Amino acid sequence: MEAKKRMAVLVGCNYPNTKYELHGCINDVMAMREKLMSRFGFEESNIQVLTDEPGSLLMPTGSNIKRALGRMVSKAESGDVLFFHYSGHGTRVPSMKHGNFLRQDEAIVPCDFNLITDIDFRHLVNRMPKGASFTMISDSCHSGGLIDKEKEQIGPSTIVNGEKLSLPSMPNTAKEKTIPFQSILQHLSSLTNINTTDIGTHLLESFGEDASLKFQLHPRELDMVDLLKPDAGILLSGCQANESSADMNPDSAGGKAYGAFSNAIENVLEKNPAALSNKQVVVMARERLKQQGLGQQHPCLYCSDENAEAVFLRQHT
């Protein structure tokens with residue numbers, strides 16, 4: 001199908017001058033920006049970039065990211081290609097869904113800690129018109145499953161090339177792209193001065209209606225944010241829900257910092273100029289990370305059966 005419009009939102013959070021500082025996230029999205037224009041036919045005017053570098057005109061707060069994504073989805077028509085690339089910290093929060101209180105759900109961590117959760121991404125995907133696609137790359141810890149109820153194509157319960165999942169330690173040049181739930185809770189508690197371990201209370205107090213839908217809806221209402229068919233969502237996650245994604249800060253002088261998964265995708269695209277399916281991109285990125293000694297990180301693919309075999313970003317063949 002010929003794409004009418006190609007639109008992208010790219011978000012890089014390095015959290016400068018904090019104890020959670022990363023180094024490669026802005027590099028990741030700037031490299032992706034170039035690739036979108038040179039290979040995939042995106043126009044510069046249709047790519048919005050949000051970073052937290054000093055002097056940034058639009059900081060990647062939870063509210064700003066959701067507004068940018070919401071505007072993009074509102075413009076979508078059948079045949080359009082939408083893309084969201086996030087590089088930054090991820091986390092897991094206790095599930096708010098009815099009957100699932102022992103479970104944890106996935107979220108990304110914007111620069112202001114106003115979490116964007118799997119429910120928010122499900123809500124976005126549900127708004128997509130038939131015939132359009134929403135591809136999301138999340139280079140963050142615990143990113144597997146970030147679109148709630150999306151079908152697993154490559155993930156914890158699949159074996160790729162006969163590989164059994166092992167968890168070697170991260171190399172010394174890598175930093176995990178995660179902020180533990182307790183650290184987020186402590187940070188938000190210091191802002192609200194409310195004595196509770198319920199993170200939803202802190203987020204609603206701090207951000208009001210800009211907080212994640214996960215914390216605004218009743219648990220029974222969350223159950224009703226259902227998977228719609230056919231589904232436009234395509235998630236390429238940097239790792240499984242229970243794993244970490246690496247931020248690489250090379251030792252060599254002049255070495256450029258990068259997110260391991262973003263860099264692996266860039267490498268795969270560089271070496272394969274012909275169109276690749278979404279499944280091929282993830283399998284090849286897994287292999288690339290393994291070659292780099294990052295076998296503890298297993299990229300995943302969540303989408304419909306049809307989209308698993310569909311061409312990544314509908315590249316013209």
Side-chain angles (χ1 to χ4, degrees), residues 8-9 11 32 69 73 81-88 90-93 95 97 100 103-108 115-128 130 132-161 163 165 177-178 212-214 222-223 225-245 259-262 264-265 268 276-287 289 297-314:
V9 173
V11 175
M32 182 57 76
L69 290 171
V73 169
V81 174
L82 277 61
F83 179 60
F84 174 50
H85 185 175
Y86 171 77
S87 185
T91 193
R92 300 180 90 184
V93 297
S95 177
K97 300 186 192 87
N100 279 343
R103 265 192 54 199
Q104 290 184 304
D105 292 331
E106 299 74 37
I108 63 172
L115 304 181
I116 303 177
T117 70
D118 57 341
I119 289 290
D120 298 308
F121 291 116
R122 164 51 55 203
H123 182 68
L124 271 173
V125 168
N126 282 359
R127 290 173 51 199
M128 289 287 293
K130 187 176 181 180
S133 66
F134 181 97
T135 302
M136 172 175 168
I137 290 177
S138 191
D139 191 351
S140 55
C141 290
H142 314 301
S143 46
L146 259 175
I147 303 177
D148 185 49
K149 297 187 176 78
E150 198 62 70
K151 183 176 180 180
E152 176 193 308
Q153 298 289 344
I154 300 174
S157 59
T158 57
I159 296 176
V160 178
N161 297 334
E163 173 194 2
L165 301 187
K177 299 173 83 168
T178 184
S212 170
L213 282 173
K214 184 182 292 287
L222 289 175
D223 292 338
V225 183
D226 270 335
L227 177 66
L228 295 185
K229 304 282 187 182
D231 184 4
I234 304 165
L235 169 65
L236 292 77
S237 67
C239 61
Q240 296 176 179
N242 63 340
E243 291 179 346
S244 299
S245 290
F261 181 51
S262 296
I265 288 181
V268 165
L276 297 170
S277 70
N278 291 304
K279 186 177 276 188
Q280 285 174 312
V281 170
V282 172
V283 169
M284 289 178 180
R286 273 193 174 210
E287 192 55 38
L289 290 175
Q297 180 177 338
H298 299 90
C300 300
L301 176 65
Y302 293 82
C303 61
S304 66
D305 294 342
E306 182 183 353
N307 280 333
E309 303 302 334
V311 173
F312 177 67
L313 292 182
R314 294 185 184 172

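Fair warning: this is a prediction, and the values are worked out from it, not measured in the lab. Side chains are part of it too, since the values below use all heavy atoms of this structure and drop only hydrogens, waters and symmetry mates.
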**Request:** Identify the two heavy atoms, one from L235 and one from G145, that lie closest to each other, and give their separation to 0.1 Å.
**Result:** CD2-N, 3.7 Å
**Request:** Mark yes or no for whether D139, through its side chain, and S262, through its backbone, hold a donor-acceptor pair below 3.5 Å.
**Result:** yes
**T135 and L236: CA distance, side-chain angles, deciding distance, side-chain contact (heavy atoms from CB on, under 4.5 Å) verdict** = CA-CA 8 Å; T135 302; L236 292 77; 3.8 Å; yes
**Asked** Which atom pair, heavy atoms only, marks the closest approach of E106 to H142?
**Response** CG-O, 2.9 Å
**Message:** Going by side chain to side chain donor-acceptor pair (under 3.5 Å), name the residues that satisfy it together with N278, two or more places apart in sequence or in a different chain.
**Reply:** none
**Request:** Answer yes or no: is there an ion pair linking D118 with K149, defined by an N-O contact shorter than 4.0 Å?
**Result:** no
**Message:** Apply side chain to side chain donor-acceptor pair (under 3.5 Å) to residues D231 and S304 and explain how you reach the verdict.
**Reply:** CA-CA 7 Å; D231 184 4; S304 66; over 6 Å; no
**Asked** Roughly how far, to the nearest 0.5 Å, is CD of E309 from NZ of K279?
**Response** 4.5 Å
**Fill in**
Heavy-atom closest pair (F261 atom, A285 atom, distance to 0.1 Å) is CE1-CB, 4.0 Å
**Prompt:** How long is the gap from CD1 on I234 to CZ on F83, to the nearest 0.5 Å?
**Reply:** 10.5 Å
**Message:** Which residue in the set D120, I119, I116, D148 passes side chain to side chain contact (heavy atoms under 4.5 Å, CB included) when paired with K214?
**Reply:** I119
**Request:** Apply the test side-chain contact (heavy atoms from CB on, under 4.5 Å) to residues L276 and V268: give CA-CA distance (whole Å), side-chain angles for both, the deciding distance (0.1 Å), then the verdict.
**Result:** CA-CA 9 Å; L276 297 170; V268 165; 3.7 Å; yes
**Asked** Short question: side chain of Q297, backbone of G238 - any donor-acceptor pair under 3.5 Å?
**Response** yes
**Asked** Atom OG1 in T91, atom CD in Q104: separation rounded to 0.5 Å?
**Response** 8.0 Å
**Message:** As an exercise, state the distance from CZ of R122 to CG of L213, rounded to the nearest 0.5 Å.
**Reply:** 13.0 Å
**Message:** Tell me which one of Q153, Q280, K151 satisfies side chain to side chain contact (heavy atoms under 4.5 Å, CB included) with L301.
**Reply:** Q153
**Message:** With a 4.5 Å cut-off on side-chain heavy atoms, are S140 and Y86 touching?
**Reply:** yes
**Prompt:** Looking at L289 and P299, what are the two nearest heavy atoms and their distance?
**Reply:** CD1-CG, 3.5 Å
**Prompt:** What's the shortest heavy-atom distance between S245 and S143, and which atoms?
**Reply:** OG-OG, 4.4 Å
**Message:** side-chain contact (heavy atoms from CB on, under 4.5 Å), that's the test. Do K177 and S87 meet it? Break it down for me.
**Reply:** CA-CA 9 Å; K177 299 173 83 168; S87 185; 2.9 Å; yes
**Request:** Please list, chain by chain and in numerical order, all residues satisfying ring-ring contact (aromatic ring centres under 6.0 Å, His included) with F121, sequence neighbours excluded.
**Result:** F84
**Prompt:** Is the shortest heavy-atom distance from the side chain of M128 to the side chain of S133 under 4.5 Å?
**Reply:** no
**Complete:** So CD1 of I108 and CE of M136: to nearest 0.5 Å the spacing works out to 6.0 Å
**Fill in**
Minimal heavy-atom distance between S237 and Y302, with the atoms involved, is OG-CE1, 4.2 Å
**Fill in**
CG (N242) and NE2 (H298) are apart, to the nearest 0.5 Å, by 10.0 Å
